[in-house]
*Asks:* 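A single structure is presented below for examination.
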2 protein chains.
Amino acid sequence: MNGAQALIRTLVGCGVDVCFSNPGTSEMHFVAALDDVPEMRAVLGLFEGVVTGAADGYGRMTGRPAATLLHLGPGLGNGIANLHNARRARTPVVNVVGDHATTHRKHDPPLASDIESLARPVSSWFRSSSSPESLATDAAEAVRGALGPPGGVATLVVPADVSWEAAGGPVSARPTATRRPVADDAVAEAAAALRAGDAVLLVGGGATSQAGLVAASRVARSTGARLLCETFPARLERGAGIPAVERLGYLAEFTIAQLQGARHLVLADATAPVSFFAYPGVPGYLVPDGCQVHTLATAGDDVVGALDALADELGAAPDAAASQEAGRPDRPTGALDAQSMAAAIGALLPEGAVVSDEGNTAGIFVPGATAGAPPHDWLCLTGGAIGQGLPVATGAALACPDRRVLSLEADGSAMYTLQALWTQAREGLDVTTVILNNGSYAILELELSRVGAQAAGPRARSMLDIGRPDLDFAALASGLGVPATRATTAEEFTEQLGRAFATPGPALVEAVLR
Amino acid sequence: MNGAQALIRTLVGCGVDVCFSNPGTSEMHFVAALDDVPEMRAVLGLFEGVVTGAADGYGRMTGRPAATLLHLGPGLGNGIANLHNARRARTPVVNVVGDHATTHRKHDPPLASDIESLARPVSSWFRSSSSPESLATDAAEAVRGALGPPGGVATLVVPADVSWEAAGGPVSARPTATRRPVADDAVAEAAAALRAGDAVLLVGGGATSQAGLVAASRVARSTGARLLCETFPARLERGAGIPAVERLGYLAEFTIAQLQGARHLVLADATAPVSFFAYPGVPGYLVPDGCQVHTLATAGDDVVGALDALADELGAAPDAAASQEAGRPDRPTGALDAQSMAAAIGALLPEGAVVSDEGNTAGIFVPGATAGAPPHDWLCLTGGAIGQGLPVATGAALACPDRRVLSLEADGSAMYTLQALWTQAREGLDVTTVILNNGSYAILELELSRVGAQAAGPRARSMLDIGRPDLDFAALASGLGVPATRATTAEEFTEQLGRAFATPGPALVEAVLR
């Protein structure tokens, strides 16, 4: 048994049985070993950003890490943006990066670079394996590092000779995601703050599951506290029957308004709100002056347990949680714009859907239109690095083969990791991609005015204009093996979306918005 | 005048007047300032790998840096692979990365990350600007850092508030690329080594220009030394009338054979040959045992001056250099394969063409078929990170608007940064892209056998197979605004290539190879 075989067997033994891969020469022994360990499912991506984003989507939906397989520093580089997103979402990922043979590094061959320096900013755990004997142990510890607490991206660098040389057997381990219990003191402090009035309970991280939201809703309703959720939750369970929660606004002004008058802010696996970006003359820290911040639970804590304990401490009845009423918008007619597009999604979203939301500005009405749809999951751009949506949809579909994935994607963001469509076609995944095509980086048009930049001239505007030439997403999808259609009216869009939802395998609908 | 305006004016004053951009919110003041400084040409890329690769291509062809404009750590991450290539090619690049406002970093907003840790591995110069007053000076020093000696990627991090706050005026400077003179001792040592016999003169870096090759050829012909060039030169001038030079092989076995019997190896801005990758039981350092290595010039040295001095020292006549004979293959007929495709390119390559070569395995016959074509430049994958070819072609075309660029691209590599086609369409660049479609990562099939991995099974093979589903490059190009055709015979390919060469603007020819 060589190192690569021991590595893969150890990963499988630790519950990591999917590997999103874009290998190169230094990873060829890993690739060769795939036939020895059929329990490991290897999924090829044409670009590393697809690989790392798919691992993020898989981890968000299963709570277990997928592995990646990346080629040296440049391959890792291509995957960094989506590893950044996974880090911010605290998704468990075992990020395997091949390296030159330990004996070869000293020659500084062309593809050599400082992998550790590249990996550290996105990794909560890092190790470069030094020998085939230690590789299996290193792999088991990487899985443990990914699961936490607090968990996140665990980067394991595997030099080529560590892969190809003879190793001992695999390590047998079955680490599970454990969460730290929250101290009674923290619960008592939160209870006192909430009883004091003018309080906000802010949930994030692990608290946006249905169980977390039920507990949080009990807390809110028994105290009159406002319940809010972080702006871009990693995974939000929502829909009919689940307590609805208002998300903090993306724009600082909105958040400031939402928190106005709060004298106590209780954080349940969330951080104190800060502005996504700084703007001239606008505060970056958005907690109102004089508002006290109380931390109930932080990353890696058993936040659901803490919220349950808090609800009980406050004497909330077990059935006190709010429950979102069922309801869908009518099928829209007429012009296709951000509102009618959202209504169509609200009318048709399948029960149990997983929504990978990178709709950005054009997607603004979709959460409202789907609030009363049957229960579903919502995956947001927690880390803010665009190019996440299509890969996360891919990984989520692999993780949940019996659920429909809706990939809601803005045109500009789609162009970062469009190669994900090819993996969806290759694996026959039930992903329906909706491209919101407005021909511009609309978010930047907003931001250009907001940063206080003087009235933008034509040269500045041209940097936000992606409609010259027009992107033809139907052609692009078809070039990647995914059937595609193009809708320019609400009726067309509704019909095409319904057909895509009902058809096994991936499809893309380009919504040309006016 | 704010920081962004001072920055752009300083760059323009320092001779940096093209900026490949993919901005975000933290770069909006830079974008807004573009209308104040019309001398700066901003070129939009849909993905950061396009931006950084285009800057590499521009710098290789002009010897002057272009600027980039990237958005925070994740944007830099997406550009790292091609910055790695630029670093290895020692291309001057001023790599501008926007950051959060200095006052905002402490809040750790979602998009914050350790930009310096990400940038250091690809940067020969790094600074994060700390105030609007220092930004202009920082920018001038970044240009100087990019130009060297030795020069390379100079990363300048610009926090948003440093951009938007009031600054002093721009700094007026006009740094030029200077090269360190080579000491007489080094020339004398090289002369003695070459006179001793069984010598190899290995040229690279700045020595692969026509002037460098003429001097090197004089040296070789006056001493009987073998003249070789590094495997993947950053820019090689070649064709009829220019001394031809044999490149070191990519495979270690080839290099070992090329260097066999050498007792002296003289390095002219090249490094001692090492294997691209390590293989079980194969040496990584490829200089024969007992061969003495002599360094005539290293990165940043005036290697052409040193070679001239060496030729004079050796008494070589001024006209002693070899000269490649003119000659082209006939137009091919019949099946379209790697050889007939190469012959068609050899038959048609325009005078003054710039070839961006990422043809990999399928392009193996093209250098031979174009050896006697009219003079042209050849840009190689010096750093080995695939996804370079289309962006470098884009930047080279911007740099040389009166020359035809041939972008020779393998199918697998094309899928990393295909978005470059859109920038070519947007800017109306004279780039002819040839996609060498063999439906696989053929280089990895070779490598899989070479690393000593046991006979690969179907699961391993599937990781190298990109023909399931087939990529339709004509559809993909058309979706990005570039007209495309598809050739399945030698006649079709020759006809389509000739038409693409003769038509202004970009076009893509997909060569379906059997």
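Computed from heavy atoms alone, side chains included, the values below leave out hydrogens, waters and symmetry copies. Per chain, numbering begins at 1; letters A, B, ... match sequence-line order.
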*Asks:* Need one label for B:Val43: side chain, backbone, both or neither, based on atoms under 4.5 Å from any heavy atom in chain A.
*Replies:* backbone

*Asks:* So which part of B:Trp422 gets closer than 4.5 Å to some heavy atom of chain A, the side chain, the backbone, both or neither?
*Replies:* both

*Asks:* Looking only at heavy atoms and a cut-off of under 4.5 Å, which of A:Phe47, A:Tyr285, A:Phe232, A:Trp164 has the most pairs with chain B?
*Replies:*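 When all of A:Phe47, A:Tyr285, A:Phe232, A:Trp164 are compared, A:Trp164 has the most.
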
*Asks:* Find the one option among A:Gly24, A:Gly284, A:Ala160, A:Gly481 whose heavy-atom pairs under 4.5 Å with chain B are most numerous.
*Replies:* A:Gly284

*Asks:* If we define contacts as heavy-atom pairs under 4.5 Å, which of B:Gly77, B:Ala278, B:Gly384 has the most with chain A?
*Replies:*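 Among the listed options, the one with the most contacts to chain A is B:Ala278.
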
*Asks:* Going from CD on B:Gln419 to CD1 on A:Ile466, what distance comes out if it is rounded to the nearest 0.5 angstrom?
*Replies:* 12.0 Å

*Asks:* Under 4.5 Å from any heavy atom of chain A, what part of B:Ala42 do you find: side chain, backbone, both or neither?
*Replies:*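 Both the backbone and the side chain of B:Ala42 come within 4.5 Å of chain A.
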
*Asks:* NE2/B:His84 to CG/A:Leu72 distance, rounded to the nearest 0.5 angstrom?
*Replies:* 8.5 Å

*Asks:* Got a second to check how far A:Leu381's CG is from B:Leu111's CG, nearest 0.5 Å?
*Replies:* 7.5 Å

*Asks:* Do A:His71 and B:Phe277 have their ring centres less than 6.0 Å from each other?
*Replies:*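 That pair passes the under 6.0 Å test.
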
*Asks:* Show the numbers, then the answer: is there a side-chain contact (heavy atoms from CB on, under 4.5 Å) between A:Arg468 and B:Leu44?
*Replies:* CA-CA 11 Å; A:Arg468 184 165 55 80; B:Leu44 186 61; over 6 Å; no

*Asks:* With chain A as the partner, which of B:Met415, B:Lys106, B:Arg426 has the greatest number of non-hydrogen pairs under 4.5 Å?
*Replies:* B:Arg426

*Asks:* Pick whichever of B:Ile386, B:Val482, B:Asp465 has the most heavy-atom pairs under 4.5 Å with chain A.
*Replies:* B:Asp465

*Asks:* Between A:Ile80 and chain B, with a heavy-atom cut-off of 4.5 Å, which part of the residue counts as in contact: side chain, backbone, both or neither?
*Replies:*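 Only the side chain of A:Ile80 comes within 4.5 Å of chain B.
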
*Asks:* So which part of B:Val37 gets closer than 4.5 Å to some heavy atom of chain A, the side chain, the backbone, both or neither?
*Replies:*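 The answer is the backbone of B:Val37.
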
*Asks:* Of all of A:Pro469, A:Ala272, A:Pro74, which one pairs up most often with chain B through heavy atoms under 4.5 Å apart?
*Replies:*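 Top count of heavy-atom pairs under 4.5 Å with chain B: A:Pro469.
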
*Asks:* Go through the atoms of B:Leu34 and report whether side chain, backbone, both or neither lie under 4.5 Å from a heavy atom of chain A.
*Replies:*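 Both backbone and side chain of B:Leu34 come within 4.5 Å of chain A.
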
*Asks:* So which residue, B:Gly75, B:Gly479, B:Ala385, ends up with the most heavy-atom pairs under 4.5 Å with chain A?
*Replies:*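 Greatest number of close heavy-atom pairs with chain A: B:Gly479.
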
*Asks:* Count the heavy-atom pairs under 4.5 Å between each of B:Val274, B:Leu46, B:Val31 and chain A, then report the option with the highest count.
*Replies:*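 Top count of heavy-atom pairs under 4.5 Å with chain A: B:Leu46.
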
*Asks:* Taking the side chain as every heavy atom from C-beta outward, state whether A:Asp108 and B:Thr271 have any pair of such atoms under 4.5 Å apart.
*Replies:* no

*Asks:* Got a second to check how far B:Arg41's CZ is from A:Arg459's CZ, nearest 0.5 Å?
*Replies:*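 CZ of A:Arg459 is found 10.0 Å from CZ of B:Arg41.
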
*Asks:* Between OH of A:Tyr416 and CD of B:Glu48, what distance do you get to the nearest 0.5 Å?
*Replies:*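 Atom-to-atom, A:Tyr416:OH and B:Glu48:CD are 4.5 Å apart.
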
*Asks:* For chain B, which candidate among A:Gly412, A:Pro38, A:Pro23 shows the most heavy-atom pairs at distances under 4.5 Å?
*Replies:* A:Pro38

*Asks:* Go through the atoms of B:Arg88 and report whether side chain, backbone, both or neither lie under 4.5 Å from a heavy atom of chain A.
*Replies:*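 The side chain, not the backbone.
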
*Asks:* What part of B:Thr382 gets closer than 4.5 Å to chain A, counting heavy atoms only: side chain, backbone, both or neither?
*Replies:* backbone

*Asks:* Would you mind checking which part of B:Pro458 comes under 4.5 Å of any heavy atom in chain A, side chain (CB onward), backbone (N, CA, C, O), both or neither?
*Replies:* both

*Asks:* If you look only at distance, which donor and acceptor atoms sit under 3.5 Å apart when one is on a side chain in residues 112-120 of chain A and the other is two or more places apart or in another chain?
*Replies:*
unit_1: A:Asp114; atom_1: OD1; unit_2: A:Glu116; atom_2: N; d: 3.3
unit_1: A:Asp114; atom_1: OD1; unit_2: A:Ser117; atom_2: N; d: 3.0
unit_1: A:Glu116; atom_1: OE2; unit_2: A:Arg120; atom_2: NE; d: 2.9
unit_1: A:Glu116; atom_1: OE2; unit_2: A:Arg120; atom_2: NH2; d: 2.8
unit_1: A:Ser117; atom_1: OG; unit_2: B:Ser117; atom_2: O; d: 2.6
unit_1: A:Ser117; atom_1: OG; unit_2: B:Ser117; atom_2: OG; d: 3.3

*Asks:* Of the backbone (N, CA, C, O) and the side chain (C-beta and beyond), which part of B:His100 lies under 4.5 Å from a heavy atom of chain A, both, or neither?
*Replies:*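 Just the side chain, heavy atoms under 4.5 Å.
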
*Asks:* Which pair of non-hydrogen atoms, one from B:Ala460 and one from A:Ala32, has the smallest distance, and what is that distance?
*Replies:* CB-CA, 4.0 Å

*Asks:* Go through the atoms of B:Leu418 and report whether side chain, backbone, both or neither lie under 4.5 Å from a heavy atom of chain A.
*Replies:*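 Looking at B:Leu418, nothing touches chain A.
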
*Asks:* If you tally heavy-atom pairs under 4.5 Å against chain B, which of A:Met40, A:Arg461, A:Glu27 wins?
*Replies:* A:Met40

*Asks:* Might you confirm whether atom CZ of A:Arg87 has over 12 heavy atoms from other residues, nucleotides or ligands at distances under 6.0 Å?
*Replies:* yes

*Asks:* Please look at B:Thr231 and chain A and tell me whether the side chain, the backbone, both or neither of the residue comes under 4.5 angstrom of a heavy atom of that chain.
*Replies:*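 For B:Thr231, no heavy atom lies under 4.5 Å from chain A.
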
*Asks:* What is the distance from atom OG1 of B:Thr25 to atom OH of A:Tyr279, rounded to the nearest 0.5 Å?
*Replies:* 5.5 Å

*Asks:* Flag the pair B:Met28 / A:Leu464 as yes when at least one side-chain heavy-atom distance between them is below 4.5 Å, and no otherwise.
*Replies:* yes

*Asks:* Under 4.5 Å, counting heavy-atom pairs only, tell me which of B:Pro283, B:Ala4, B:Ser275, B:Ser163 racks up the most with chain A.
*Replies:*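 Of the options given, most contacts go to B:Ser275.
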
*Asks:* Of all heavy-atom pairs between A:His29 and B:Pro280, which one has the smallest distance, and what is that distance?
*Replies:* CE1-CG, 4.4 Å

*Asks:* Counting only non-hydrogen atoms closer than 4.5 Å, does A:Ser462 touch chain B with its backbone (N, CA, C, O), its side chain (CB onward), both, or neither?
*Replies:*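 For A:Ser462, heavy atoms of backbone and side chain both lie under 4.5 Å from chain B.
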
*Asks:* Checking heavy atoms, do the side chain of B:Ser21, its backbone, both or neither come under 4.5 Å from chain A?
*Replies:*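 B:Ser21 touches chain A through side-chain heavy atoms alone.
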
*Asks:* Suppose we screen for salt bridge (Lys or Arg N to Asp or Glu O under 4.0 Å). Which residues come up paired with B:Asp99, at least two apart in sequence or across chains?
*Replies:*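 Salt bridge (Lys or Arg N to Asp or Glu O under 4.0 Å) check on B:Asp99 returns B:Arg105.
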
*Asks:* Relative to chain A, which segment of B:Asn22 carries a heavy atom at a distance below 4.5 Å: side chain, backbone, both, or neither?
*Replies:* side chain

*Asks:* Taking A:Gly73, A:Gly79, A:Ala475 one by one, which has the highest count of heavy-atom pairs under 4.5 Å against chain B?
*Replies:*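 Counting heavy-atom pairs under 4.5 Å, the top option is A:Ala475.
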
*Asks:* Dump the intermediate steps for side-chain contact (heavy atoms from CB on, under 4.5 Å) on A:Asn78 and B:Asn78, then the final yes or no.
*Replies:* CA-CA 5 Å; A:Asn78 284 334; B:Asn78 284 335; over 6 Å; no

*Asks:* Taking side chain as everything from C-beta outward and backbone as N, CA, C, O, which of these in B:Asp161 sits under 4.5 Å from a heavy atom of chain A? Side chain, backbone, both or neither.
*Replies:*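 Neither; nothing under 4.5 Å.
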
